[in-house]
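Let me begin by presenting the structure, written as structure tokens, before commenting on it.
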Amino acid sequence: MAVVTWDHVHLRSPDPEAVAAWLENVLGGEIVRGPGRIDVKLGGAMVFIAPVTSGDGVNAAPNHPHQGLDHLGLSVKDIDAVAAEIKAKGVEFTAEPYTIRPGVRICFIRGPQGISIELLERDKKYA
């Protein structure tokens with residue numbers, strides 16, 4: 001069987017700069033600029049952000065929930081503190097932090113262009 005590792009997630013946005021700034025300011029990403037593009041190092045992977053312009057044939061984002069990619073999941077330490085910090089930044093929560101099963105607490109936030117992002121904390125004793 002092939003061995004794979006994460007390389008990147010590719011987003012499309014009418015405002016890549018705003019998406020990159022959101023990922024930096026809310027989730028602690030590191031903006032990386034290259035010729036003609038902006039990327040963000042986030043949680044051990046890269047987020048590529050391609051521009052969307054009028055008439056380029058890119059469809060609008062679907063309403064959530066939908067088939068296909070449902071959400072991104074990012075691990076955090078002390079989810080309640082992280083949630084309080086990003087709530088103070090005005091981030092919309094679609095689900096406040098709660099315990100989904102013993103040792104796992106999650107919450108969901110709405111990112112740029114309606115992207116659903118799960119934040120989760122796993123207690124090591126249940127891993």
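- Residue Phe108 is found in a hydrophobic cluster whose other members, listed by chain and number, are Tyr98, Ile100, Val104, Ile106, Leu120; membership requires side-chain heavy atoms under 4.5 Å apart, directly or through intermediates.
- When each of Val91, Ile115, Thr94 is checked for a side-chain contact (heavy atoms from CB on, under 4.5 Å) with Ile109, only Val91 meets the rule.
- One distance of note links CG of Leu42 with CD of Glu30; it measures 11.0 Å at 0.5 Å rounding.
- Salt-bridge annotation for Asp80 and Arg105: present, with a side-chain N of the basic residue lying under 4.0 Å from a carboxylate O of the acidic one.
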Derivation and outcome, side-chain contact (heavy atoms from CB on, under 4.5 Å), residues Leu27 and Leu119: CA-CA 10 Å; Leu27 299 177; Leu119 304 177; 4.2 Å; yes
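- Residues satisfying the salt bridge (Lys or Arg N to Asp or Glu O under 4.0 Å) test with Lys87, not counting sequence neighbours, are Glu96.
- Although no hydrogens or angles enter the test, the distance criterion places no donor-acceptor pair under 3.5 Å between the side chain of Thr99 and the main chain of Arg101.
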Derivation and outcome, side-chain contact (heavy atoms from CB on, under 4.5 Å), residues Phe48 and Ile38: CA-CA 7 Å; Phe48 299 162; Ile38 184 167; over 6 Å; no
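- With hydrogens and angles disregarded, no donor-acceptor distance shorter than 3.5 Å links the side chain of Lys41 to the backbone of Gly29.
- Follow the hydrophobic side-chain contacts under 4.5 Å out from Val52 and you never reach Val9; the two are in separate clusters.
- You'll find the side chain of Ile79 reaches within 4.5 Å of the side chain of Cys107, heavy atoms only.
- By the salt bridge (Lys or Arg N to Asp or Glu O under 4.0 Å) test, Arg33 pairs with Glu17, sequence neighbours left out.
- Residue Met1 shares its hydrophobic cluster (ILVMFWY side chains chained together at separations under 4.5 Å) with no other residue.
- Within 6.0 Å of atom CG in Asn63, 12 or fewer heavy atoms from other residues, nucleotides or ligands are found, so the atom counts as exposed in its surroundings.
- Put simply, the side chain of Asn25 gets close to the backbone of Ala21: a donor and an acceptor are under 3.5 Å apart.
- Residues Phe93 and Ala83 share a closest heavy-atom pair of CZ-O, 3.5 Å.
- Heavy-atom minimum distance, Ser13 versus Pro16: O-CD, 3.5 Å.
- Here the closest heavy-atom approach between residue Gly111 and residue Ile117 is recorded as CA-CD1, 4.1 Å.
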Verdict with reasoning, Leu11 to Val47, per side-chain contact (heavy atoms from CB on, under 4.5 Å): CA-CA 7 Å; Leu11 304 178; Val47 178; 3.6 Å; yes
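- In this structure Arg37 satisfies the salt bridge (Lys or Arg N to Asp or Glu O under 4.0 Å) test together with Asp39, sequence neighbours excluded.
- Sorted by first then second residue, the salt bridge (charged side-chain N to carboxylate O under 4.0 Å, His left out) pairs that include residues 108-120, not counting sequence neighbours, are Glu92-Arg110.
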Audit row: Val40, Met46, side-chain contact (heavy atoms from CB on, under 4.5 Å) steps and yes/no: CA-CA 6 Å; Val40 178; Met46 294 297 290; over 6 Å; no
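- Checked by atom type and distance alone, the side chain of Glu121 never pairs as donor or acceptor with a backbone atom of Lys77 at under 3.5 Å.
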